[in-house]
Colleague: 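One structure is given below, represented as structure tokens, and several questions about it will come after.
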Amino acid sequence: MSETTDQALPGDVAALAEVPADKGEVHLVHLYPREMSIYGDLGNTRCLAARLRWHGYQPVVHDHHPGAPWPDRVDLVLGGGGQDSGQVRVQDDLAAHADRLRELATEGVPMLMICGMYQLFGEAFVTVEGRRLPGLGILDVTTRGNETRMIGPVVLDTDFGPVVGYENHSGSTVLGTGQRPFGRVRHGRGNNGSDGTEGARTHNVVGSYLHGPVLPANPQLADGLLEVAARRATGGWEPGEVDDTLAREAHDRQVRRLLG
Amino acid sequence: MASVLTRARTATALAAGKAARLASRLRGGGSALPGLVTEKIDPTVLRHTLGSLPQGVVVVSGTNGKTTTTKMLVALLRAHGLRVFTNPTGSNFTRGVISSMLGEIGLRGRLGADVAVVELDEAHALHFAAQVPPTHALLLNVARDQLDRFAEIDHTARLLTTLGERATTGVVLNADDSFISRVRDSLPAGVQVRWFGVDPSISDRLPELQEADVRFADADDRPQLGEHDGLLLPDDDGRGLTVRFPGGHDVGPLTLRQRGLAAMINATAATTMARELLGQAFDASVAATALAAVNPPFGRGEVIDVGGAQLELVLVKNPAGFTVALGTYGAEPVATMVAINDNYADGRDVSWLYDVSFESLRERGVAVTSGVRAWDMALRLRYDGVEVGAVDTDLDAALERFLRDHRGQPVRIFCTYTAMMHLRRRLADRFGLARFGEDPAA
Ligand SMILES: [Zn+2]
């Protein structure tokens with residue numbers, strides 16, 4: 001069994017794009033798609049790959065599994081939520097690549113870390129029993145294990161406009177002094193249910209609790225990440241014309257429904 | 001003394017429950033309320049009535065296939081002459097069980113049955129088992145359900161393990177689901193373990209039924225099947241099956257009315273449990289005839305005659321279930337509608353739609369998406385390159401258009417739970433079907 005798989009989009013989906021893929025390759029790395037991709041987070045990778053193709057770029061997806069060699073090229077990194085058993089299975093590999101990930105973050109590589117991976121990108125996770133588990137420290141956030149889950153649909157105000165999604169987490173996260181949140185909660189609980197913040201953002205690293213998955217219904221966020229990745233990969237960003245009618249309808253209906 | 005008092009309280013509870021049942025019938029209300037009334041007055045009512053059945057209490061649980069398997073097991077036992085109490089209303093909670101019991105017992109709490117076969121969802125199974133220790137448990141599978149209350153698959157696996165531990169006499173376990181087969185390791189001594197599984201020749205099809213990404217067991221962990229364990233052998237044509245017991249007669253070949261590999265596995269599970277319960281009285285030819293006559297439960301691949309053409313109504317609840325449904329039905333492409341609601345009973349998070357591949361719908365496209373999350377469903381299909389003809393959040397309007405545009409053609413609707421309930425009610429009114437709670441005889 002090969003440990004690293006590089007794949008483009010399924011050929012037939014790529015074929016649906018009416019534009020040639022002549023603007024260059026963009027390499028997406030999905031961290032731990034088996035262990036950390038609960039609640040449809042793989043949809044984020046699919047969304048970015050498809051949109052790259054629709055914009056006229058050639059997406060290359062690296063599924064990075066624990067113990068596999070690190071990919072040669074990284075233009076954007078994705079991670080999702082997982083169960084406790086999943087987090088245990090990835091922590092050694094994550095520690096092995098910690099310096100590399102911190103370096104890429106500082107260089108401005110866009111990253112989207114959802115739920116469990118958002119927590120692991122923080123300073124630390126403190127368990128219900130009070131044990132302190134260090135994280136990567138890329139985002140200055142600390143998460144405490146909690147008995148009650150925060151579950152439900154969410155609307156945020158963000159730098160990318162209103163963002164909709166679905167949160168499902170028991171960890172309660174607090175931002176360090178000076179740490180920017182990803183968004184302000186307009187509906188839902190957010191980081192901790194009390195300070196009105198959701199997620200965290202440093203350079204182009206976005207951590208968030210939003211599943212949904214978050215990118216398909218928020219194309220402005222997806223393209224915001226892709227722009228940075230494409231500039232890094234190809235030196236420019238020349239977006240194509242993507243029909244986002246369905247995404248806009250899905251997005252706007254959730255906003256109207258939840259904010260009234 | 002205590003027993004007289006207890007009996008009096010049970011009678012009071014049952015009388016109150018029966019009154020509530022009548023009232024709720026008159027209002028056309030839900031099925032769980034009368035059970036709630038009875039349970040409030042006498043929380044031990046279940047133990048008193050079910051605990052005394054001569055052939056025991058069988059619980060059926062697992063993420064997918066509970067309703068189908070329960071129905072098959074009941075049919076198998078009835079065909080062998082047993083009087084079976086079951087919870088047929090689709091409300092598979094403790095209160096739902098009490099509610100359906102109220103229709104069948106006298107005030108002294110005597111249930112005219114030899115055995116109870118109870119379908120319970122993972123979360124409520126333990127609550128039930130705490131009140132009535134089951135004699136037998138049939139555990140089907142563990143998949144991630146999108147319902148918020150089963151937040152984690154590990155958690156679901158733990159619930160089912162605990163349920164298995166509560167069984168006093170015997171368990172029947174899925175040899176091909178590592179979450180379920182592991183239950184064996186925590187059973188007390190003396191509890192009989194039987195297995196059901198698929199023939200190795202089709203084990204390559206199992207991933208379509210399971211979420212492989214969260215399973216880490218090695219293939220050689222699969223338990224060795226013995227002479228009283230049921231092995232599924234599908235026919236080459238894909239429709240027929242045989243359940244083989246190495247130490248006895250084959251059940252089948254036979255053809256189920258419900259299609260697909262998942263239903264065949266459910267039939268294997270039900271047959272293995274029936275054989276365990278019936279012992280010497282089990283008759284393979286009686287079993288084959290009974291299985292072949294079982295109609296699909298409401299909305300589980302149920303076929304409805306809509307003015308001369310067939311409509312298949314397919315409930316989808318989670319990624320594994322939707323993937324199985326597409327594998328079962330997608331091979332014969334017909335005009336398709338997908339209806340996704342996000343009410344509590346559907347699961348409020350629609351993320352799970354991204355854990356299903358819809359490529360099998362690409363060739364034919366999807367005629368209509370509907371339900372509260374119709375636009376999200378259409379968006380999901382766009383990312384799999386599936387064309388969508390129309391999007392209409394109104395279920396009635398979408399159904400109307402769908403039937404009108406495909407009059408005289410076979411059609412298929414994939415729908416979440418509350419969308420299914422709504423659509424089926426409409427279809428029942430228009431095409432004269434049985435309502436929920438009036439399950440047609442198998
Ligand atoms: Zn989460």
Side-chain angles (χ1 to χ4, degrees), chain A residues 9-10 12-17 32-47 49-51 54 80-86 89 114 149 151-153 164-170 210-217 219 243-254 257, chain B residues 144-158 179 211-216 219 318-319 322 340 342-344 347-360 362-363 365 369 371-388 390-393:
Chain A
L9 274 178
D12 37 3
V13 173
L16 293 176
Y32 320 124
R34 276 198 306 245
E35 294 82 3
M36 301 295 287
S37 63
I38 204 169
Y39 305 125
D41 295 330
L42 284 171
N44 289 328
T45 307
R46 188 166 188 82
C47 171
R51 295 188 74 83
W54 292 336
Q83 316 185 57
D84 297 348
S85 58
R89 285 189 176 97
I114 302 297
R149 288 188 89 80
I151 300 181
V164 297
Y166 194 94
E167 63 183 334
N168 186 349
H169 55 108
S170 56
L210 296 201
H211 302 285
V214 68
L215 293 182
D243 180 357
D244 278 325
T245 313
L246 297 175
R248 249 192 330 268
E249 285 284 353
H251 176 276
D252 293 356
R253 273 164 194 270
Q254 275 303 87
R257 207 175 153 210
Chain B
R144 180 165 57 79
D145 203 279
Q146 85 285 7
L147 292 183
D148 300 333
R149 61 177 182 271
F150 310 135
E152 295 193 344
I153 194 166
D154 294 344
H155 179 64
T156 307
R158 275 195 298 274
F179 282 116
E211 289 173 285
D213 56 334
V214 291
R215 265 154 237 266
F216 296 91
N318 47 47
F322 208 152
I340 304 293
D342 66 354
N343 298 312
Y344 181 74
R348 293 168 64 208
D349 182 9
V350 294
S351 300
W352 65 282
L353 295 171
Y354 283 82
D355 289 326
V356 179
S357 167
F358 294 95
E359 281 168 48
S360 63
R362 198 178 289 151
E363 186 189 330
T369 63
V372 177
R373 303 304 289 267
W375 290 97
D376 297 84
M377 186 64 225
L379 176 61
R380 169 68 193 98
L381 291 169
R382 170 163 160 72
Y383 276 107
D384 269 1
V386 179
E387 293 283 344
V388 175
V391 183
D392 192 337
T393 53

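Below, read A as the first sequence line, B as the second, and so on, with proteins coming before strands; counting in each chain starts at 1.
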Colleague: Can the positive tip of B:R382 be found less than 6.0 Å from the middle of the six-membered ring of B:W375, inside 45° of the ring normal?
Modeller: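 Output no; distance or angle outside limits.
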
Colleague: Any idea which of A:A247, A:P213, A:P153 has the most non-hydrogen atom pairs under 4.5 angstrom with chain B?
Modeller: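 With the most close heavy-atom pairs to chain B, the winner is A:P213.
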
Colleague: Who are the side chain to side chain donor-acceptor pair (under 3.5 Å) partners of A:S170, not counting sequence neighbours?
Modeller: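 Partners of A:S170 by the side chain to side chain donor-acceptor pair (under 3.5 Å) criterion come out as none, since no residue qualifies.
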
Colleague: Chain B: which of A:G212, A:A217, A:G43 shares the most heavy-atom pairs with it under 4.5 Å?
Modeller: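 Of the options given, most contacts go to A:G212.
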
Colleague: B:V372 versus chain A, heavy atoms under 4.5 Å apart: side chain, backbone, both or neither?
Modeller: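 Side chain of B:V372 only, per the 4.5 Å heavy-atom cut-off to chain A.
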
Colleague: Which residues satisfy the salt bridge (Lys or Arg N to Asp or Glu O under 4.0 Å) test with B:D342, sequence neighbours excluded?
Modeller: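 Result, salt bridge (Lys or Arg N to Asp or Glu O under 4.0 Å) vs B:D342: A:R257, B:R373.
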
Colleague: Between A:D243 and chain B, with a heavy-atom cut-off of 4.5 Å, which part of the residue counts as in contact: side chain, backbone, both or neither?
Modeller: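 Looking at A:D243, backbone and side chain both touch chain B.
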
Colleague: Do the side chains of A:P33 and A:T45 get nearer than 4.5 Å, heavy atoms only?
Modeller: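 A side-chain contact is absent here, since even the closest heavy-atom pair is not under 4.5 Å.
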
Colleague: Kindly indicate whether a cation-pi arrangement holds for A:R46 with B:Y354, taking the cut-offs as under 6.0 Å to the six-membered ring centre and within 45° of the axis.
Modeller: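 Pair A:R46/B:Y354 does not count as cation-pi.
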
Colleague: Relative to chain B, which segment of A:E167 carries a heavy atom at a distance below 4.5 Å: side chain, backbone, both, or neither?
Modeller: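 Neither the backbone nor the side chain of A:E167 comes within 4.5 Å of chain B.
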
